[in-house]
Enquirer: 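Have a look at this one before I ask anything.
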Amino acid sequence: MSKEKYWKLLDDFEDLLTYQHRVPHEGLPKKVLDGTITAEIHEAPIDQNRKDRLAILEEQISQCTACGLHSGRTNPVPGYGVLNPKVMVIGEGPGAEEDKSGLPFVGRAGKYLDKWLSAINLERSKDCFIGNIIKCRPPGNRDPLPEESSICLPYLEQQVDLIRPKVILTLGRIAAQILTGHVEGIGRLRGKTYSYRGVPLIPTYHPSGVLRNPQYRGAVWEDLKRLQKALDEA
Ligand code: URA
Ligand code: SF4
């Protein structure tokens, strides 16, 4: 058994101990009540625990003053989506619309992102969790500073572990560099599959960049096909 498997097993077991007594018997499928106990008996509670832990993380983010960006935010943008998504999409940081609403990718880039996802039959509300490297908007939409990103990164690390996506799609240079650990530009980083915390990671251009530079559209299409293939294999 690998170390990762071992820790996951311990983690799941702890979830089970914490939550199994809360399972309401009326709500269980008949075959569980019949005594043919299956994974269903602990699947829901484990997800409940992960949801609780994600909510606690969101609360911590909403109170966070760990870097200077907290002073300029209207709302932090912790990220939004489903547990066990097919894809976790990771952008750079909130823009003006996201800062206003507290939700990720709701502006022009977000609408364009939705089109990319639908091109490979993915729906934001059903198949995705969408987040960012940093949770608070940098003034004037400047790039996050390296120290801001590294101060904020533990939130994302915990989100990835709790959300358990099948595949990660990063958008733009900053997310690709930080999560792959490589220093090349996005044009060189894309076109390959990496791994982040045990999850296959595929970098592509940022939708804002592609809106400004339509010549990147072909590359994005290749990256989306790479993503689809990784999903088929996951
Ligand atoms: N750009 C990003 O990188 N993230 C958002 O949430 C919105 C725009
Ligand atoms: Fe905290 Fe991240 Fe916001 Fe900085 S950007 S204040 S580290 S949540």
Side-chain angles (χ1 to χ4, degrees), residues 53-82 85 87-117 122 124-125 127-163 165 168-180 185-187 189-190 196 201-213 216 220 223-224 227:
R53 281 149 73 181
L54 264 183
I56 291 167
L57 209 53
E58 276 188 23
E59 184 55 31
Q60 288 173 336
I61 291 168
S62 74
Q63 311 276 329
C64 182
T65 56
C67 87
L69 293 178
H70 80 274
S71 61
R73 75 184 172 215
T74 314
N75 293 294
V77 182
Y80 192 77
V82 299
V87 186
M88 182 167 180
V89 180
I90 303 176
E92 183 178 310
E97 307 244 9
E98 290 77 21
D99 175 69
K100 233 187 275 167
S101 65
L103 292 168
F105 281 96
V106 289
R108 215 160 93 85
K111 295 198 175 77
Y112 194 34
L113 170 65
D114 286 340
K115 283 196 190 159
W116 293 4
L117 295 170
L122 297 175
R124 179 195 290 231
S125 61
D127 304 313
C128 305
F129 188 100
I130 307 206
N132 282 300
I133 297 285
I134 51 161
K135 317 304 190 196
C136 305
R137 184 191 182 206
N141 289 348
R142 67 157 167 77
D143 287 352
L145 304 173
E147 65 261 34
E148 292 163 347
S149 300
S150 55
I151 292 171
C152 206
L153 197 61
Y155 291 128
L156 184 67
E157 290 169 347
Q158 290 179 65
Q159 286 177 316
V160 171
D161 293 351
L162 288 172
I163 290 163
I168 292 172
L169 177 72
T170 62
L171 304 176
R173 175 181 64 88
I174 302 259
Q177 285 180 338
I178 289 174
L179 300 187
T180 65
I186 184 62
L189 288 179
R190 62 154 294 279
Y196 182 71
L201 180 149
I202 294 166
T204 195
Y205 288 101
H206 195 288
S208 309
V210 186
L211 284 168
R212 285 192 305 266
N213 304 282
Y216 295 151
V220 171
D223 298 335
L224 291 173
L227 173 67

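Counting starts at 1 for both ligands and their atoms, in listed order.
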Enquirer: To the nearest 0.5 Å, what is the distance between CG (Leu179) and CG (Leu201)?
Expert: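 Nearest 0.5 Å value for the CG-CG distance: 6.0 Å.
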
Enquirer: List the steps and the verdict of salt bridge (charged side-chain N to carboxylate O under 4.0 Å, His left out) for Glu148 and Arg142.
Expert: CA-CA 12 Å; Glu148 292 163 347; Arg142 67 157 167 77; 2.9 Å; yes

Enquirer: Measure the distance from atom 3 (Fe) of ligand 2 to every protein heavy atom, then report the residue, atom name and distance (to 0.1 Å) of the closest one.
Expert: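 Scanning the protein heavy atoms, the shortest distance from atom 3 (Fe) of ligand 2 goes to Cys136 SG, 2.4 Å.
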
Enquirer: Rounded to the nearest 0.5 Å, what separation is found between the CD1 atom of Ile61 and the SG atom of Cys152?
Expert: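 One finds 6.5 Å between CD1 of Ile61 and SG of Cys152.
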
Enquirer: Under 2.8 Å from atom 4 (Fe) of ligand 2, is there any N, O or S atom belonging to His70?
Expert: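 No.
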
Enquirer: Nearest 0.5 angstrom please: Leu171 CG to Ile202 CD1, how far?
Expert: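 Between Leu171 CG and Ile202 CD1, I get 12.0 Å after rounding to 0.5 Å.
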
Enquirer: Can you pull out the closest protein heavy atom to atom 8 (C) of ligand 1? Residue, atom name and distance to 0.1 Å, please.
Expert: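 Of the protein heavy atoms, Phe105 CE2, 3.7 Å lies nearest.
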
Enquirer: Working to the nearest 0.5 angstrom, can you tell me the gap between Glu59 CD and Leu57 CG?
Expert: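 Spacing of CD (Glu59) from CG (Leu57) equals 10.5 Å.
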
Enquirer: Which residue owns the protein heavy atom closest to atom 1 (Fe) of ligand 2, what's the atom, and how far is it?
Expert: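 It is Cys64 SG, 2.3 Å.
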
Enquirer: Measure from atom 2 (Fe) of ligand 2 to each N, O or S atom of Cys152 and report whether any distance is below 2.8 Å.
Expert: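 Cys152 does place an N, O or S atom closer than 2.8 Å to atom 2 (Fe) of ligand 2.
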
Enquirer: Provide the number and element of each atom of ligand 2 under 4.0 Å from a heavy atom of Ile151.
Expert: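 Counting atoms of ligand 2 from 1, those under 4.0 Å from Ile151 are 7 (S).
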
Enquirer: Measuring from Phe105:CZ to Asn132:CG, what's the distance to the nearest 0.5 Å?
Expert: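 With rounding to 0.5 Å, CZ (Phe105) is 5.5 Å from CG (Asn132).
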
Enquirer: To the nearest 0.5 angstrom, please state how far the CG atom of Leu117 sits from the CD1 atom of Ile130.
Expert: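 One finds 6.0 Å between CG of Leu117 and CD1 of Ile130.
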
Enquirer: Examine ligand 1 and decide if any of its atoms is less than 4.0 Å from a heavy atom belonging to Ala109.
Expert: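 Flag not set, Ala109 not near ligand 1.
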
Enquirer: Is ligand 1 under 4.0 Å from a heavy atom in the side chain of Glu98, in the backbone, in both, or in neither?
Expert: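 Side chain only.
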
Enquirer: Work out whether the distance between some heavy atom of His206 and some atom of ligand 1 is less than 4.0 Å.
Expert: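 Yes.
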
Enquirer: Which residue holds the protein heavy atom closest to atom 4 (Fe) of ligand 2, what is that atom called, and what is the gap in Å?
Expert: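 Its nearest protein heavy-atom neighbour is Cys67 SG, 2.4 Å.
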
Enquirer: Write out the residue and atom name of the closest protein heavy atom to atom 6 (O) of ligand 1, then the distance separating them to 0.1 Å.
Expert: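 Residue, atom and distance for the closest contact: Asn132 ND2, 2.9 Å.
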
Enquirer: May I ask you to check whether over 12 heavy atoms, not counting those of Tyr112, lie within 6.0 Å of atom OH?
Expert: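 Count over threshold, so yes.
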
Enquirer: Please identify which atoms of ligand 1 are closer than 4.0 Å to at least one heavy atom of Gly91.
Expert: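 It comes down to these atoms of ligand 1: 3 (O).
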
